[in-house]
> 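Just dropping this structure here.
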Amino acid sequence: MTATTPKDTLARLLEVDEVDAPDLPVSWNVAPTQPVYVVATSSSGARRLRALRWGLVPNWAKDPRIAAKLINARAETLSKRPAFRSLVARRRALVPVSGFYEWRGQPPGARNPRQPFYFRRPGAEPLVFAGLWDVWFDAEDRPLRTCTVITTTANKTMTPVHHRMPVVLSPGHWDEWLNPEPLRPGRLAELLVPAPEGLLKSFPVGLAVNSALNDGPELVEPHRPAGAQDGFWPAPAG
DNA sequence: CCAGACGTTGTT
DNA sequence: GTCTGG
DNA sequence: CCAGACGTTGTT
DNA sequence: GTCTGG
């Protein structure tokens, strides 16, 4: 994913009460285990922006390396998974980003690397993902706050590239999502749906994004996919 | 009962 | 912490 | 998500 | 093939 909006701008956009985060470097290649700005409700009820590490480490974890497996959470099974169930009830979070990448599936047996696509709003405005967060304490009792991003089925824009997509919450749903009380199962299902058609634009980008060591605005410049295998799948619209 | 996992993606 | 598998 | 490592002994 | 790190 990409994160290029300063925390103060996000704080205004998301109507945050408290900012308790360092300035994170702008990034066009946020990888799992790296910090992102996250908004959640504090114990006193304030809407607070913090920097949390992407990749959930549940409070009960013995080994924080579990984070690698918990970077996404399926909307459909959220309420029954031991790793997420309690968090869905009381530790929901907003994860604002500038855009995100998905890699296009390949014909079986293909050997070339998968083609990355960038997804963002037409005017590059921030997107707000639905997430969950938790806090874990190491042996020295230092807190580690982490988050995961909820996914759902792909909308029509996404389908040519990938069959899943992150849940994007519209501004009208932010308050309800941040309320630290359980939601009715039916309501959860209504909120965790694919983004409306037209919200996102997408285009292929260069393979540089494939290495977490690469970063910079050039990663999100449109880039024609190379290679004879291209075209096996339709190009995404938008 | 205790031990061990706790997840998603995509691929075949 | 809670669930599943043995 | 993708890329890159995947190991031990013993030395400076 | 599978795990770890970014």
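Below, each value reflects all heavy atoms present in this structure, side chains not excepted, and no hydrogens, waters or symmetry copies. Small disclaimer: the values here were computed from a predicted structure and weren't measured. Residue numbers begin at 1 in each chain, while the letters A, B, ... track the order of the sequences.
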> Using the P atom as the point on both nucleotides, what is the distance between B:dT8 and D:dC1, in whole Å?
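Their P atoms lie roughly 12 Å apart.
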> Restricting to nitrogen or oxygen on both sides, can you table the protein-nucleotides 3-5 of chain D pairs closer than 3.5 Å?
from: D:dA3; atom 1: OP1; to: A:N210; atom 2: ND2; distance (Å): 3.4

> Students often get this wrong, so: under 4.0 angstrom with heavy atoms, is A:L56 touching a base, only sugar-phosphate, or nothing?
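It contacts nothing in the nucleic acid.
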> How far, in whole Å, is B:dC6 from E:dT2 if one measures between their P atoms?
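Between the two P atoms, the distance is 15 Å.
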> For a quick check of understanding: with a heavy-atom distance under 4.0 Å over all strands, which category does A:T77 fall into, base, sugar-phosphate or nothing?
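Sugar-phosphate: the residue A:T77, judged by heavy atoms under 4.0 Å, touches backbone atoms but no base.
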> Does a side-chain N or O from A:R81 land closer than 4.0 Å to OP1 or OP2 of B:dC6, or not?
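Negative; the distance criterion is not met.
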> May I have the distance from A:M158 (atom CE) to D:dC1 (atom P), rounded to whole angstrom?
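Nearest whole value for this atom pair: 12 Å.
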> Only pairs at least two apart or in different chains count here, so list each side-chain hydrogen bond (donor to acceptor under 3.5 Å, both in side chains) that has a residue in residues 143-156 of chain A.
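Checked against side-chain hydrogen bond (donor to acceptor under 3.5 Å, both in side chains) - neighbours excluded - the pairs reaching residues 143-156 of chain A are A:T151-A:R164.
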> How would DNA chain D look in dot-bracket form, 5' to 3', counting Watson-Crick and G-U wobble pairs with both distances under 3.5 Å and writing | for bases paired to another strand?
||||||......
> Taking only heavy atoms on the protein side, list every residue of residues 130-147 of chain A lying under 4.0 Å from any atom of DNA chain B, sorted numerically.
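Close to the strand, none.
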> For A:M165 and B:dT8, what is the distance between atoms CE and C1' respectively, to the nearest whole Å?
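These atoms are roughly 16 Å apart.
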> Name all residues meeting the salt bridge (Lys or Arg N to Asp or Glu O under 4.0 Å) criterion together with A:R114; count only those two or more places apart in sequence or in a different chain, and write none if there are none.
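Not a single residue meets the salt bridge (Lys or Arg N to Asp or Glu O under 4.0 Å) criterion with A:R114.
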> With sequence neighbours left out, write down each residue that passes side-chain hydrogen bond (donor to acceptor under 3.5 Å, both in side chains) with A:T159, or none if nothing qualifies.
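For A:T159, no residue satisfies side-chain hydrogen bond (donor to acceptor under 3.5 Å, both in side chains) once neighbours in sequence are set aside.
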> Under the rule for salt bridge (Lys or Arg N to Asp or Glu O under 4.0 Å), what residues qualify as partners of A:R121, not counting sequence neighbours?
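In terms of salt bridge (Lys or Arg N to Asp or Glu O under 4.0 Å), with neighbours along the sequence ignored, A:R121 is linked to A:E125.
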> Does A:R50 pair with A:D20 as a salt bridge, N-O distance under 4.0 Å?
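Judged by the 4.0 Å cut-off on N to carboxylate O distance, A:R50 and A:D20 do form a salt bridge.
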> Under 3.5 Å, sequence neighbours excluded: what are the donor-acceptor pairs made by side chains of residues 7-15 of chain A?
from: A:K7; atom 1: NZ; to: A:A21; atom 2: O; distance (Å): 2.5

> Among residues two or more places apart or on two chains, list those pairs meeting ring pair (Phe, Tyr, Trp, His ring centres under 6.0 Å) that have a residue in residues 29-74 of chain A.
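Residue pairs passing ring pair (Phe, Tyr, Trp, His ring centres under 6.0 Å), neighbours aside: none found.
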> Using the P atoms only, state how far D:dC2 lies from B:dT11, rounded to an integer number of Å.
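Pairwise P distance, B:dT11 against D:dC2, rounds to 9 Å.
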> Given atom CG of A:N112 and atom P of D:dC2, what is their separation to the nearest angstrom?
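Atom CG in A:N112 sits about 13 Å away from atom P in D:dC2.
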> Across nucleotides 1-6 of chain C, 5' to 3', mark each nucleotide with B, S or - according to how protein heavy atoms within less than 4.0 Å reach it.
BSS---
> Taking atom P in both B:dA5 and E:dG6, what distance in whole Å separates the two?
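Straight-line distance between the two P atoms is 24 Å.
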> To the nearest Å, give me how far apart CD1 (A:I66) and P (B:dG7) are.
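Those two atoms, CD1 and P, are 8 Å apart.
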> If we only count heavy atoms from C-beta on, is the A:S98 to A:T5 side-chain gap below 4.5 Å?
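Sidechains of A:T5 and A:S98: in contact.
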> For atom C1', what is the distance between D:dG10 and E:dC3, given to the nearest Å?
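Rounded to whole Å, the distance is 27 Å.
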> Which nucleotide, B:dT8, D:dC1, B:dG7, lies nearest any side-chain atom of A:L70?
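Comparing B:dT8, D:dC1, B:dG7 against the side chain of A:L70, the answer is B:dG7.
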> Look at the side-chain N and O atoms of A:R114 and state whether any lies under 4.0 Å from the OP1 or OP2 oxygen of B:dT9.
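No, A:R114 has no side-chain N/O under 4.0 Å of OP1/OP2 on B:dT9.
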> What ring pair (Phe, Tyr, Trp, His ring centres under 6.0 Å) pairs are there with at least one residue in residues 80-106 of chain A, not counting sequence neighbours?
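For residues 80-106 of chain A, and leaving out neighbouring residues, the ring pair (Phe, Tyr, Trp, His ring centres under 6.0 Å) pairs sorted by first residue read A:F100-A:F119, A:F100-A:F129, A:Y101-A:Y118.
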> Can you list the residues that meet the salt bridge (Lys or Arg N to Asp or Glu O under 4.0 Å) rule with A:R120, with sequence neighbours excluded?
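For A:R120, no residue satisfies salt bridge (Lys or Arg N to Asp or Glu O under 4.0 Å) once neighbours in sequence are set aside.
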